There are 2 protein chains.
Amino acid sequence: MARKPADQTVSREEIIMAAAEVLRRNGYEATTMKDIAAEVNLTAASLYHHFRNKDALLLAVLEGGIEHVIQQLEPVALEEKPVVEKLKQMIAVHIVNLANNPAVGAAFVFEIRALMNMRIPPRNGGQFGQEDMDAFIEKRNKFFAQRDYFEKLFRDVIQEGIDRGVFRKVDVAIVTKALLGAHNWVGVWYRPDGRLSGQEIADIMADTFLRGLAL
Amino acid sequence: MARKPADQTVSREEIIMAAAEVLRRNGYEATTMKDIAAEVNLTAASLYHHFRNKDALLLAVLEGGIEHVIQQLEPVALEEKPVVEKLKQMIAVHIVNLANNPAVGAAFVFEIRALMNMRIPPRNGGQFGQEDMDAFIEKRNKFFAQRDYFEKLFRDVIQEGIDRGVFRKVDVAIVTKALLGAHNWVGVWYRPDGRLSGQEIADIMADTFLRGLAL
DNA sequence: GAAATAATTAAATCTAAATTCGATTAAATT
DNA sequence: AATTTAATCGAATTTAGATTTAATTATTTC
């Protein structure tokens, strides 16, 4: 036989979402292609029709996540408006994102290391050609650049606040790491059925953090 | 042959430290027994003389870490002194710990999931008896209890500050998670050769956070 | 210094997981 | 309707890695 009779066909996007969810539960290394496939009612072999290999699938999860956040964050960060408002809104965007998709958020915290340490070419070599490797490495580097840019968006706004005399003179690098650490952790502990919504959590955190920055 | 001639014999503690370091680099699932063994100039087989299996080794890393922190944190948390001072000191203890041993700190952030999802008995079953499993599960539960207790120490001090009218009325659960998230992240980005010492980072973070709590 | 114990190793086992392959069916195009 | 392209599967391949075993040497202990 081949192909399940009555069932729907599965899209690339659906696989990425499913992968994120399985990754959240088990982590990259502990997740098997079979696990991911099962989540969308496919066999492991079928996944290779959509992604070159497991690494490419992880990268796709992370890429999708960062692009989505940056796309929402950038306009706010670059807008001309009071820094306090701006930062408050950025915090909300980030945390609400994390709450809406904790799986992707958790991947950010947990799986970036897997991406860093990834052996290229992959373990068994496979039919990976030089071009495949180059393409993968380029995508990966782009991802890291976006991650750094994401952090920079926050850092720059905090710096702007200091320059404008709205925030006190803090160590911007450290304070930014502290803020993002608090955020990232949300992706780890947040549960959709919890007491508070993403927006409520964001408000509490923004409030506390902004008081910490106030003169 | 057997046993290296002139070399020193390796202790359980040394293996635990080595494991933490390798874990920090690669993560639990991606770390092989061979990797850990190499770090202490042993073969993989030798590790089984010191630990029942890979899981037990991870548990030992985490156990050692939490016990060490709690041991330092508890006296401070339970001491009778101004809450502000107390919390400041607790933050310093935690962060300095993380900075002194980022490997263990990173294990906390990254590897707890591996411990949660761990299949007992382990993959190939091995010579694991019911007693072994029971012992492992008990140790694991104890670890989780300690982790919760650790978080409670911080939560209680923040609550105390509110009760005494020293801190404003914040959502204690969320604010505690935010604080610990910021801390945990230190274990991820901190580098011993970086610009600031653990104590300096702690001071900056404590300062910002305490202002966030102030009335 | 013999016997027990601790630490180590090489080699063998055993399994799970990534990936490939060839066949098959569905859907879209021409 | 014929052909191409997309999606799927089962089975085979390959490999790495955890764990076991049996042997070897070092260190205590009596």
Side-chain angles (χ1 to χ4, degrees), chain A residues 1-15 18-19 22-23 26-59 114 117-129 132-133 136, chain B residues 1-15 18-19 22-23 26-59 114 117-129 132-133 136:
Chain A
M1 272 151 281
R3 199 194 151 97
K4 252 168 306 108
D7 273 6
Q8 290 298 316
T9 178
V10 173
S11 77
R12 194 183 159 85
E13 283 308 313
E14 288 173 287
I15 295 173
V22 180
L23 249 35
N26 303 334
Y28 180 71
E29 300 286 350
T31 294
T32 72
M33 292 299 267
K34 201 175 156 197
D35 293 337
I36 298 171
E39 191 87 3
V40 285
N41 294 310
L42 288 181
T43 62
S46 300
L47 296 181
Y48 288 84
H49 180 67
H50 301 274
F51 295 90
R52 201 185 316 293
N53 58 25
K54 194 183 169 191
D55 298 350
L57 187 40
L58 170 62
L59 187 50
N117 293 6
M118 207 158 270
R119 334 178 182 194
I120 308 168
R123 313 193 178 249
N124 106 358
Q127 54 179 195
F128 240 59
D132 293 306
M133 292 189 226
F136 182 83
Chain B
M1 272 151 281
R3 200 194 152 95
K4 251 168 305 108
D7 273 6
Q8 289 299 316
T9 176
V10 172
S11 77
R12 195 183 159 84
E13 283 309 312
E14 288 173 287
I15 295 174
V22 180
L23 248 36
N26 303 334
Y28 180 71
E29 300 287 349
T31 295
T32 70
M33 291 299 267
K34 202 175 156 196
D35 293 337
I36 298 170
E39 191 85 4
V40 286
N41 294 310
L42 288 182
T43 62
S46 302
L47 296 181
Y48 289 83
H49 180 68
H50 300 275
F51 295 90
R52 204 186 315 294
N53 57 26
K54 194 183 170 190
D55 299 349
L57 188 40
L58 169 61
L59 186 51
N117 293 6
M118 204 157 272
R119 333 179 184 194
I120 306 167
R123 313 194 179 247
N124 107 357
Q127 54 176 195
F128 240 58
D132 293 306
M133 293 189 222
F136 182 83

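Below, chain A is the first sequence line, B the second, and so on; all start at residue 1. Just so it is clear, the model here is predicted, and its values are computed rather than measured.
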Base, sugar-phosphate, or nothing for Ser11(A), non-hydrogen atoms under 4.0 angstrom? nothing

Would you name the heavy atoms of Val10(A) and His50(A) that are closest together and state the gap between them? O-CE1, 3.3 Å

Of the listed dG17(D), dT19(D), dA7(D), the closest approach to the Thr32(B) side chain comes from dG17(D)

I want to verify a distance call: between dA18(D), dT19(C), dC9(D), whose nearest atom is closest to the Leu42(A) side chain? dC9(D)

By nearest atom, which of the nucleotides dA6(C), dG17(D), dT19(D) is closest to the His49(B) side chain? dA6(C)

Residues forming a salt bridge (charged side-chain N to carboxylate O under 4.0 Å, His left out) with Arg12(B), sequence neighbours excluded: none

Is the distance from OP1 or OP2 of dA26(D) to the nearest side-chain N or O of Thr9(B) less than 4.0 Å? no

Roughly how far, to the nearest 0.5 Å, is the OH atom of Tyr28(A) from the CG atom of Leu57(A)? 8.0 Å

Which nucleotide in the set dA10(C), dC21(C), dT8(C) lies at the smallest distance from any side-chain heavy atom of Ala45(A)? dC21(C)

Residues which pass side-chain hydrogen bond (donor to acceptor under 3.5 Å, both in side chains) with Glu14(A), listed by chain and number, not counting sequence neighbours: Ser11(A)

Out of dT8(D), dG10(D), dA6(C), which has the shortest distance to the side chain of Thr43(A)? dG10(D)

Considering only side-chain heavy atoms of His50(A), which listed nucleotide, dA18(D), dA7(D), dT20(C), is closest? dA7(D)

If you only use heavy atoms from C-beta on, which nucleotide in dA17(C), dT8(C), dT8(D) is closest to the side chain of Val10(B)? dT8(C)

Strictly below 4.0 Å: does Lys34(B) bring a side-chain N or O up to OP1 or OP2 of dG17(D)? no

